[in-house]
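Heads up: the structure comes next, in structure tokens.
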Amino acid sequence: MKKLRVAVLFGGRSGEHDVSLMSARSVLVALDPEKYEVTQIGITLGGEWLTGENTLEAFTSGKFSELNRAILPGDPSHASLYVSRVTNHAETIHKLSDIDIFFPVLHGPFGEDGTLQGLLEMADVAYVGAGVAGSSVGMDKGIFKDVMRANNIPIVESILVLRGDIETDMNGVIEQVEKMGAYPFFAKPANLGSSVGISKCNSRSDLSEGLMEAARYDRRIVIEKGVGNVREVEVSVLGNEHPETSVCGEVLPSREFYSYESKYVDGTSGLIIPSQLPNEVTEKIREYAVRAYKAIDCAGMARADFFVESDTNKIYLNELNTLPGFTSISMYPKLWQASGLAYPQLVDRLIELALARKAQRDHTERRRSA
Ligand SMILES: Nc1ncnc2c1ncn2[C@@H]1O[C@H](COP(=O)(O)OP(=O)(O)O)[C@@H](O)[C@H]1O
Ligand SMILES: [Mg+2]
């Protein structure tokens with residue numbers, strides 16, 4: 001049997017660069033060398049694509065000198081990887097390999113938000129995960145909420161304001177936020193992840209600080225009502241047209257909320273798998289997860305994150321992460337593990353789904369035939 005040629009992409013320009021390297025390490029270990037021929041492509045914080053003997057090691061140690069520039073033209077007639085070598089001030093470009101599947105293991109902007117997916121679509125290659133629309137809507141907390149509202153999927157009450165509104169009329173923005181009810185509120189940049197730029201605002205002064213903080217990271221800022229006594233429950237979704245869900249898991253943040261520090265610095269946030277919630281609550285969560293997944297046209301995988309109000313068990317969908325943390329101890333694969341699908345089989349399945357989606361695309365007519 002011919003081996004499938006898989007290009008694993010990692011690193012990237014977002015604040016989740018290092019998380020991506022950790023996820024990629026686990027994926028690379030899981031790709032069975034009997035089945036796959038793997039090319040590693042690292043994307044630097046500056047956005048350079050690099051490849052070489054052991055790209056991940058080079059990225060982890062910061063020693064890039066042995067690596068060469070990797071190029072993927074956005075042109076379907078040249079949809080292979082090229083590598084450029086610079087010698088004596090001349091640059092030569094060689095074809096590196098034809099690639100059957102691209103596997104982006106990138107989190108956040110320029111990886112999970114539809115931009116990379118746009119390049120992969122232009123090149124007309126198979127790739128793991130959601131397409132352009134699913135990725136970008138999954139990333140944008142403002143538009144995502146509107147799509148959920150339109151589909152009657154319960155979400156927390158929220159408003160969206162622009163950086164310009166905050167700069168010119170902070171009092172007006174605060175008035176608008178306070179119309180939603182009592183503190184606390186959460187102020188968030190619309191397009192980011194890992195809780196960067198997010199503040200829990202317990203008072204009016206917190207709110208003005210939180211709005212300015214969020215406005216550093218995005219022109220569009222979402223402000224939500226805080227859910228009191230919140231339990232954070234997550235479920236993994238896998239599939240294209242007929243997505244399936246795993247068991248649910250609960251996150252126990254080490255701080256007042258699941259902040260950047262709580263996610264990556266403390267290392268003491270707990271996971272409870274499966275979550276200890278009544279069956280009717282987890283069944284509802286799984287149903288909402290699938291409906292949301294279909295509503296934004298996800299493919300491959302997503303992790304759906306919910307808030308459950310502990311006194312009432314009222315459920316709110318918080319977000320869909322289309323390229324969730326993917327280390328072997330991350331929630332997404334662990335939930336599948338607990339549902340009977342081990343990590344290497346999960347990786348195989350994602351590759352199958354990527355090929356199936358490409359086959360669907362190849363069967364779609366792009367223009368009227370004469
Ligand atoms: N409306 C809310 N009510 C209660 N807690 C919230 C709310 N919004 C966010 N949080 C807390 O902030 C964390 C990060 O928010 P989230 O929207 O998931 O951003 P990110 O995309 O960066 O993960 C959540 O995991 C939760 O702990
Ligand atoms: Mg989150």
Side-chain angles (χ1 to χ4, degrees), residues 4-29 31 36-87 89-132 135-136 139 191 193-194 300 322-323 325-327 347 350-351 354 358:
L4 281 172
R5 291 158 301 186
V6 181
V8 178
L9 295 149
F10 50 79
R13 293 167 68 181
S14 85
E16 289 161 287
H17 181 97
D18 292 337
V19 184
S20 158
L21 300 185
M22 291 190 271
S23 295
R25 181 171 306 279
S26 295
V27 170
L28 290 170
V29 168
L31 284 167
Y36 306 112
E37 196 180 299
V38 177
T39 302
Q40 301 181 21
I41 301 170
I43 302 177
T44 65
L45 278 166
E48 253 188 306
W49 289 38
L50 299 174
T51 191
E53 258 316 293
N54 201 336
T55 314
L56 182 61
E57 286 315 319
F59 267 67
T60 316
S61 61
K63 294 197 183 92
F64 302 113
S65 55
E66 300 291 298
L67 303 177
N68 291 303
R69 224 147 58 80
I71 301 161
L72 173 69
D75 166 350
S77 63
H78 287 88
S80 322
L81 269 178
Y82 293 79
V83 58
S84 107
R85 293 203 173 84
V86 181
T87 42
H89 305 293
E91 184 175 18
T92 48
I93 295 179
H94 304 272
K95 187 163 163 178
L96 181 67
S97 171
D98 283 322
I99 299 291
D100 297 306
I101 297 120
F102 285 79
F103 196 146
V105 189
L106 295 153
H107 312 303
F110 301 108
E112 185 175 354
D113 63 351
T115 49
L116 172 69
Q117 288 72 16
L119 173 63
L120 298 170
E121 289 285 338
M122 292 291 286
D124 204 18
V125 296
Y127 60 94
V128 169
V132 174
S135 301
S136 57
M139 194 74 203
N191 284 278
S194 286
T322 52
L323 281 168
F326 214 85
T327 69
V347 168
L350 286 169
I351 288 173
K358 173 74 167 84

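Because the structure is a prediction, the values reported are computed rather than measured. Side chains included, hydrogens not; waters and symmetry mates left out as well; all remaining heavy atoms used. The residues of the chain are indexed from 1 along the displayed sequence.
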One pair to check against side chain to side chain contact (heavy atoms under 4.5 Å, CB included): F59 and I43. What are the steps and the verdict?
CA-CA 9 Å; F59 267 67; I43 302 177; 5.6 Å; no
Which atom of [X] lies closest to which atom of [Y], heavy atoms considered:
X    : Y    : answer
S84  : N68  : O-CB, 3.5 Å
A123 : P73  : CB-O, 3.6 Å
S135 : A130 : OG-O, 3.3 Å
S97  : S80  : O-CB, 3.5 Å
I101 : A354 : CG2-CB, 4.2 Å
S77  : D75  : OG-OD1, 2.6 Å

Can you tell me how far [atom2] of [Y] sits from [atom1] of [X], rounded to the nearest 0.5 angstrom?
X    : Y    : atom1 : atom2 : result
T327 : M22  : OG1   : CE    : 7.5 Å
I71  : W49  : CD1   : CH2   : 10.5 Å
D100 : E37  : CG    : CD    : 9.0 Å
N191 : M139 : CG    : CE    : 6.0 Å
I41  : L56  : CD1   : CG    : 13.0 Å
E66  : E53  : CD    : CD    : 10.0 Å

Measuring only between side-chain heavy atoms, which start at C-beta, is [X] closer than 4.5 Å to [Y]?
X    : Y    : answer
L323 : V105 : no
F102 : L72  : yes
L67  : E48  : no
V128 : P104 : yes

May I ask you to decide if [Y]'s main-chain N or O and [X]'s side chain share a donor-acceptor pair within less than 3.5 Å?
X    : Y    : value
E121 : G118 : no
Q117 : G111 : yes
S20  : E16  : no
T51  : Q40  : yes
S61  : E57  : yes

Have a look at I99 and tell me which of V6, L4, L81, V125 forms a side-chain contact (heavy atoms from CB on, under 4.5 Å) with it.
L81
Give the ring-plane orientation class for F103 versus F326, where under 30° counts as parallel, over 60° as perpendicular and anything between as tilted.
perpendicular
Whether over 12 other heavy atoms sit under 6.0 Å from R5 CZ
yes
Yes or no on side chain to side chain contact (heavy atoms under 4.5 Å, CB included) for Y36 and I351, after CA distance, side-chain angles and deciding distance?
CA-CA 10 Å; Y36 306 112; I351 288 173; 3.8 Å; yes
Just checking, is any N or O donor in the side chain of H107 or S23 under 3.5 Å from an acceptor N or O on the other one?
yes
